[in-house]
*Asks:* 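Pasting in a structure now, in structure tokens, and then I'll have a few things to ask.
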Amino acid sequence: MSRLHIVGGNKISGEVKIQGAKNSVLPILAATLLIKGKCVLRNCPKLSDVESAVEILRYMGCTVTFEDDVIIVDSQGAKNYDIPDILMRKMRSSIMFLGPVMGRFQKARLCFPGGCELGPRPIDIHINAFREMGIKVIERHGCINCNTTEKTSSREITLPFPSVGATENIMMFACTLKGKTVIENAAKEPEIEDLQNFLNKMGAKIHGAGSGHIVIYGGRELFGAEYKIMPDRIVASTYMSAAAITGGELYLKDVVPSHLSAVLSIFEKAGCHIKKGRDYIYFKAPEKLKNVKTIMTMPYPGFPTDSNPVIAASLIKAKGTSVIIETIFQNRFKYTSELSRLGANIKIDSRVCVIEGVEKLYGAKVEATDLRGGAALVVAALGAEGETYIDNVFYIDRGYENIEKVLKSLGGQIERI
Ligand code: EPU
């Protein structure tokens with residue numbers, strides 16, 4: 001089992017190219033099941049979650065190659081419509097295979113993905129939407145059995161909450177039903193727009209992604225496509241956090257600045273200087289950050305829950321008190337007890353996190369508690385005096401490609417041992 005060894009104190013500065021987005025490539029990989037043919041996906045990050053999705057596709061009978069940043073999926077031979085428990089448990093987001101599997105086979109058998117480190121992860125919004133689309137869903141013995149004979153749909157589905165995964169699942173299944181499906185209160189995250197663009201490249205007719213009102217004209221013939229995955233906005237916010245806590249200066253290449261508006265405005269409040277171009281961000285942190293009075297996580301275009309931990313880590317040494325309110329996940333703040341081992345002064349009351357800025361942080365032995373919580377420990381360790389050892393690095397590898405290599409190239413003293 002590997003761990004990260006970090007010696008803090010160096011400024012994180014330089015030029016960094018941002019990897020492709022995990023939360024974009026995962027649904028897009030699932031969507032390749034909608035056709036019988038070949039898709040070529042570029043800018044795919046090498047992550048364990050991506051490997052898990054590839055494993056599922058191979059289990060289903062697809063031929064998949066993954067070289068450099070290119071994944072080629074040939075779904076001609078897909079024949080299995082079930083996903084075994086062991087594969088479902090590797091990645092909670094495996095639920096997003098439900099829509100494409102139903103679209104391809106009109107039946108599906110998936111084990112329940114269960115909860116995760118962030119708290120309970122129900123899938124009621126997905127299931128209710130599928131029922132509204134004519135799918136018969138039976139939940140038994142921890143598994144979901146679905147089938148449908150419905151070939152036509154002209155439906156309006158109003159989501160009770162703009163769930164990212166449910167919006168994606170509905171979009172993918174609706175492509176295979178004749179007629180018009182409208183999703184109201186759809187999630188507006190940029191990853192949904194990326195999925196729309198990919199599906200449209202495959203011959204689908206979808207518009208409205210990025211707004212709360214998405215329209216899918218289904219039943220069109222779909223074919224193989226080539227597509228470039230968009231940049232990962234959460235990874236960009238992580239490297240900016242690392243520069244922010246160390247007083248560094250970054251030039252981020254291959255980013256979409258508009259995807260990061262809510263995050264950039266928080267960094268500006270903390271005293272960072274930011275310049276944006278079409279696909280780059282110049283970021284300069286002051287020697288010491290100012291506190292940010294309140295940050296509240298919200299569905300996009302609000303402040304992303306996945307950036308909560310890394311921003312919290314960057315504010316530990318800020319002047320004064322910062323407050324973060326988490327509205328999306330119940331257990332988002334687990335990582336804060338590990339940050340306290342480094343000397344952070346953080347108090348949690350249910351969904352509210354109060355950070356009293358401290359003068360210094362000191363290296364310690366800590367454990368990643370989840371993906372973004374693990375990234376927060378890396379950020380804090382870079383801003384701490386002395387040595388930090390981070391265990392459970394496998395969480396971090398779910399979402400960050402070569403985190404130690406990237407940070408080393410930016411001046412960080414970090415290695416995997
Ligand atoms: N929810 C329900 N019922 C449902 C679905 C969701 O109650 O049927 C609740 C969830 O429990 C959660 C909230 O709604 O409290 C948001 O869930 P959503 O469905 O929007 O999230 P997701 O699709 O499961 C994606 C990302 C997450 C990211 C969230 C929110 C992927 C693969 N995952 O999850 O990413 O935090 O949207 O933006 O796209 C990460 O990358 O670290 C990560 C956790």
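All values below come from the heavy atoms of this structure, side chains included, with hydrogens, waters and symmetry mates left out. Numbering of ligands and ligand atoms starts at 1, following listing order.
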*Asks:* Is it true that atom OH of Y300 has more than 12 heavy atoms of other residues, nucleotides or ligands lying nearer than 6.0 Å?
*Replies:* yes
*Asks:* Give yes or no for whether the N/O distance cutoff of 3.5 Å, strictly under, is met between E168 and ligand 1.
*Replies:* no
*Asks:* Please report which non-hydrogen protein atom sits nearest to atom 3 (N) of ligand 1, along with the residue it belongs to and the distance in Å to one decimal place.
*Replies:* D124 OD1, 2.8 Å
*Asks:* Do any N or O atoms from the side chain of N169 and from the backbone of I95 form a donor-acceptor pair under 3.5 angstrom?
*Replies:* yes
*Asks:* For ligand 1, is there an N or O atom under 3.5 Å from any N or O atom of G165?
*Replies:* yes
*Asks:* For atom 34 (O) of ligand 1, what's the nearest protein heavy-atom neighbour? Residue, atom name and distance, please.
*Replies:* R121 NH2, 3.7 Å
*Asks:* Do other residues, nucleotides or ligands put more than 12 heavy atoms under 6.0 Å from I86 CD1?
*Replies:* no
*Asks:* What protein heavy atom lies closest to atom 26 (C) of ligand 1? Include the residue and the distance to one decimal.
*Replies:* N23 ND2, 3.5 Å
*Asks:* Would a search of protein heavy atoms around atom 31 (C) of ligand 1 find one under 4.0 Å away?
*Replies:* yes
*Asks:* Only heavy atoms count here, so choose which of S163, A375, S307 is nearest to atom 19 (O) of ligand 1.
*Replies:* S163
*Asks:* Would you mind checking which non-hydrogen protein atom is closest to atom 20 (O) of ligand 1, with the distance to 0.1 Å?
*Replies:* V164 N, 2.8 Å
*Asks:* Before signing off on this row, confirm whether P122 and ligand 1 have an N or O atom pair separated by under 3.5 Å.
*Replies:* yes
*Asks:* To which protein heavy atom is atom 42 (O) of ligand 1 closest, and what is the distance rounded to 0.1 Å?
*Replies:* R372 NE, 2.9 Å
*Asks:* Atoms of ligand 1 less than 4.0 Å from L371 heavy atoms?
*Replies:* 42 (O)
*Asks:* Among all the protein's non-hydrogen atoms, which is closest to atom 15 (O) of ligand 1, and how far away is it?
*Replies:* I328 O, 2.6 Å
*Asks:* Considering only NZ, NE, NH1 and NH2 on the basic side and carboxylate oxygens on the acidic side, decide whether E132 and R155 come within less than 4.0 Å.
*Replies:* no
*Asks:* At a 4.0 Å cut-off, with the gap strictly under it, does some heavy atom of A166 reach an atom of ligand 1?
*Replies:* no
*Asks:* Identify which one of V64, I35, I28 satisfies the side-chain contact (heavy atoms from CB on, under 4.5 Å) criterion when paired with V73.
*Replies:* V64
*Asks:* Return yes if a side-chain donor-acceptor contact under 3.5 Å exists between D232 and Y400, otherwise no.
*Replies:* no
*Asks:* For ligand 1, which atoms have a heavy atom of I123 less than 4.0 angstrom away?
*Replies:* 4 (C), 8 (O)
*Asks:* Run the numbers for me: atoms of ligand 1, each under 4.0 Å from some heavy atom of S93, listed by number.
*Replies:* 32 (C)
*Asks:* Could you give the distance from CD1 (I6) to CD (E415), rounded to the nearest 0.5 Å?
*Replies:* 10.0 Å
*Asks:* Going by distance alone, is a donor N or O of one side chain under 3.5 Å from an acceptor N or O of the other, for N308 and Y335?
*Replies:* yes
*Asks:* So, is M96 polar-close to ligand 1, with some N/O to N/O distance under 3.5 Å?
*Replies:* no
*Asks:* Taking 4.0 angstrom as the limit, do R416 and D397 come out as a salt bridge?
*Replies:* yes
*Asks:* Are K38 and D74 ion-paired here, with the side-chain N under 4.0 Å from a carboxylate O?
*Replies:* no
*Asks:* Could you find the nearest protein heavy atom to atom 36 (O) of ligand 1 and give me its residue, atom name and distance?
*Replies:* D306 OD1, 2.7 Å
*Asks:* For atom 7 (O) of ligand 1, is the nearest protein heavy atom under 4.0 Å away?
*Replies:* yes
*Asks:* Any donor-acceptor pair under 3.5 Å linking the side-chain atoms of E191 with those of N23?
*Replies:* no
*Asks:* Before signing off on this row, confirm whether K22 and ligand 1 have an N or O atom pair separated by under 3.5 Å.
*Replies:* yes
*Asks:* Below 3.5 Å, N or O to N or O, backbone or side chain included: is there any such pair between F161 and ligand 1?
*Replies:* no
*Asks:* Inspect the contact between E55 and R58 and indicate whether a charged nitrogen and a carboxylate oxygen are less than 4.0 angstrom apart.
*Replies:* no
